[in-house]
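A, B, ... follow the sequence lines: proteins, then strands. Residue 1 opens every chain. Computed from a prediction, not measured in an experiment: that's the story for all the values here.
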Amino acid sequence: MSDRARGWGLVAPALLWTTAFFVVPFAVMAAMSLARLDGRELIWGVHWDNYAQLAQPHIARAVVVSLEITLTVTVISVLLAYPLAAIIAFRVPERWQRLALLLALLPFWTSYVVRSYSWLLVLSRQGIVNQALLGLGIVQEPVTLANTRLATVTGFVHFFTMLLTLTIYASLRQLPPNYARAAADLGASRLRTFVHVILPLTLPGIVTGAFLTFVLCIGDYVTPQILGGNNELTLPQVIMVQLGRRADFPLASALALVLMGLVALAYLLSSRWLRIDRV
Amino acid sequence: MRALSWLYLALLYAFILLPVGALVLFSFQDGRLPVPPFQGFSLRWYADVLGDRRLMAALGHSVAVAAGSSLVACALGFLAAYGLARHALPGSALIRAVLIAPIAVSTLIVGLGLLLLVNRLGLPLSLWTAGIGHVVINLPLCFAILYAAMGDQQRSAERAARDLGASEAQVIGLVTLPMLAAPLAAAFFLSATLSWDEFIIAFLLTRFEVTLPVEIWSLLRSGLSPRLNAAGSLVFLVSVAVVVLLEILVLARRRR
């Protein structure tokens, strides 16, 4: 057997699996997004009706809500995670750093469902926050926190702060310590050193983490469904409505492709600084 | 400045650990609601969960799907990584891109695509279809970990074995696999945790027999209850145990 034939033989199973269960389903989805539902009957062909539905207020609104939530979450998470990663990387003694990181990432390893449920314990009307506020006499009546956008954002920020702490910590640890020292020797203040040396060098780590945050946040159904409720729907929630009650697979497929388009757009915007291979 | 750092650290740890802390604490609640005040320590909700046939069945399904799909993902990932690292193939950059691609697509889309395919083929939804979906999302991860781990050091050892007359199967079985034990374990346990925690693919692709996150999801409709806390704590503790195991494996390798 030739070297090349043997190589193909080794690669073939994985390639076939990915083709059969990822590439082909994707093609079916693309074709489905161009199909049309006539009553309960599926009509294949090239129809743009599903994409035209984007103009409908409730669907356009979902796209806007998804983008607003995702961008808010990404910005807040970066701002919270950067100092945390820096403190772990520079203040915590070397031998405790792995433990500190493990602890900061502990809830990262829970399913979205359980993590979102655990936020309900904190945010519901009888939850911890409300009990604390009532006990301290800050409010007289329980405040509505669950089933709001605030709850969705809180649940997301919680998860992505952990993710970003990890990617930013990794890029901070790769910095040679001499750089900061050299900047200080040349008379730069700590702020100047941070803005002109450390921040630019850790930018790829930040952007990579922010991109991952964007992708995972905009595509998640569980967190907005459990914490945000049905007051305002995100794009994945609208897709799931089509799959469930309405069984409108063509529209669901078109919206899924719109979701992918948003991710591709984010990729193009951040690709200059993106270092996926370095995480 | 220093004191401020520690204060910030404490605040963020509180934020990060508060919800899971509440989850675990109130799973021991001796009362009907998993919210303050804590009314005393009780294991009855765990007994309730462990005695629940549906939850236990779902737990068994989750273990089977996680173990099976991780095993398949590791095997396929290993063979592909070995093939690409050791044989010059035309278009290898494209092959790598295709194998990695599913990781860049949200799991909702992977699940939806598979659901459409399964429907078109007229196949029934089952744990098998969910397992197939989990292999799709874990294969890129296993492939990437194992491909990165195949260095020149192994290549020399493999060449030496070949020169001494080992067959290709012996080279893989006696040289490559043992040398990659740690990354293989890392890939396996990482995909097992991801599969164990995964919801949306399992939700879309199962019907009568479901995995634990899907079963917990359907219990959520009845609102807060210490029973859900106990079930969630079990899911969480299994993931943490696996991650700690992984950490120990990786650390043990570093020290060697």
(message) Can you tell me which of B:P102, B:A80, B:A81, B:G21 forms the most heavy-atom pairs within a distance under 4.5 Å of chain A?
(response) B:P102

(message) Among B:V136, B:V135, B:L99, B:I100, which residue satisfies the side chain to side chain contact (heavy atoms under 4.5 Å, CB included) criterion with A:T18?
(response) B:L99

Can you give me every donor-acceptor pair (side chain of residues 84-96 of chain A, partner residue at least two apart or in another chain, under 3.5 Å) with its distance?
unit_1, atom_1, unit_2, atom_2, d
A:R91, NE, B:S5, OG, 3.2
A:E94, OE2, A:R173, NH2, 2.7

(request) Examine whether an atom of A:L15 lies under 4.5 Å from a heavy atom of chain B, and if so say whether it belongs to the side chain, the backbone or both; otherwise answer neither. (result) both

(message) Taking every non-hydrogen pair under 4.5 Å, which of A:I226, A:L121, A:V122 racks up the most with chain B?
(response) A:L121

(message) Does any backbone or side-chain atom of B:A104 lie under 4.5 Å from a heavy atom of chain A? Answer side chain, backbone, both or neither.
(response) backbone

(message) Can you tell me which portion of A:L123 sits under 4.5 Å from chain B's heavy atoms? Options are side chain, backbone, both or neither.
(response) neither

(message) Is it the case that the ring center of B:F143 lies less than 6.0 angstrom away from the ring center of A:W17?
(response) no

(request) State the CG-CD1 distance between A:L259 and B:I109, to the nearest 0.5 angstrom. (result) 4.5 Å

(message) Nearest 0.5 angstrom please: B:L25 CG to A:I128 CD1, how far?
(response) 8.0 Å

(message) For A:Q131, which atoms come within 4.5 Å of any heavy atom of chain B: side chain, backbone, both, or neither?
(response) side chain

(request) Nearest 0.5 Å please: distance from the CG atom of A:L243 over to the CG atom of B:L115. (result) 6.5 Å

(request) Using the side-chain contact (heavy atoms from CB on, under 4.5 Å) rule, take B:L204 and A:M240 through it: C-alpha gap first, then chi angles, then the decisive distance, then the call. (result) CA-CA 10 Å; B:L204 288 174; A:M240 292 298 280; 3.9 Å; yes

(message) What's the separation between atom CD1 in B:I16 and atom CG in A:L105, rounded to the nearest 0.5 Å?
(response) 7.5 Å

(request) Give, for atom CG of A:L257 and atom CG of B:L112, the distance between the pair rounded to the nearest 0.5 Å. (result) 8.5 Å

(message) Does any backbone or side-chain atom of A:A264 lie under 4.5 Å from a heavy atom of chain B? Answer side chain, backbone, both or neither.
(response) neither

(request) Could you tell me which of A:Y117, A:W8, A:F26 has the largest number of non-hydrogen atom pairs under 4.5 Å with chain B? (result) A:Y117

(request) Step by step, work out the side-chain contact (heavy atoms from CB on, under 4.5 Å) result for A:W109 and B:V244. (result) CA-CA 11 Å; A:W109 305 103; B:V244 169; over 6 Å; no

(message) Please determine whether side-chain contact (heavy atoms from CB on, under 4.5 Å) holds for the pair B:N119 and A:F249, giving the CA-CA distance in whole Å, both sets of side-chain angles, and the decisive distance to 0.1 Å.
(response) CA-CA 11 Å; B:N119 278 350; A:F249 289 98; 3.8 Å; yes

(message) Between A:S124 and B:L224, is there a side-chain heavy-atom distance shorter than 4.5 Å?
(response) yes

(message) Please verify the inter-ring angle class for B:F15 with A:W119; under 30° counts as parallel, over 60° as perpendicular, anything in between as tilted.
(response) tilted

(request) Nearest 0.5 Å please: distance from the CG atom of B:L84 over to the CG atom of A:L10. (result) 9.0 Å

(message) Walk me through whether B:V243 and A:F108 qualify under side-chain contact (heavy atoms from CB on, under 4.5 Å).
(response) CA-CA 10 Å; B:V243 170; A:F108 187 80; over 6 Å; no

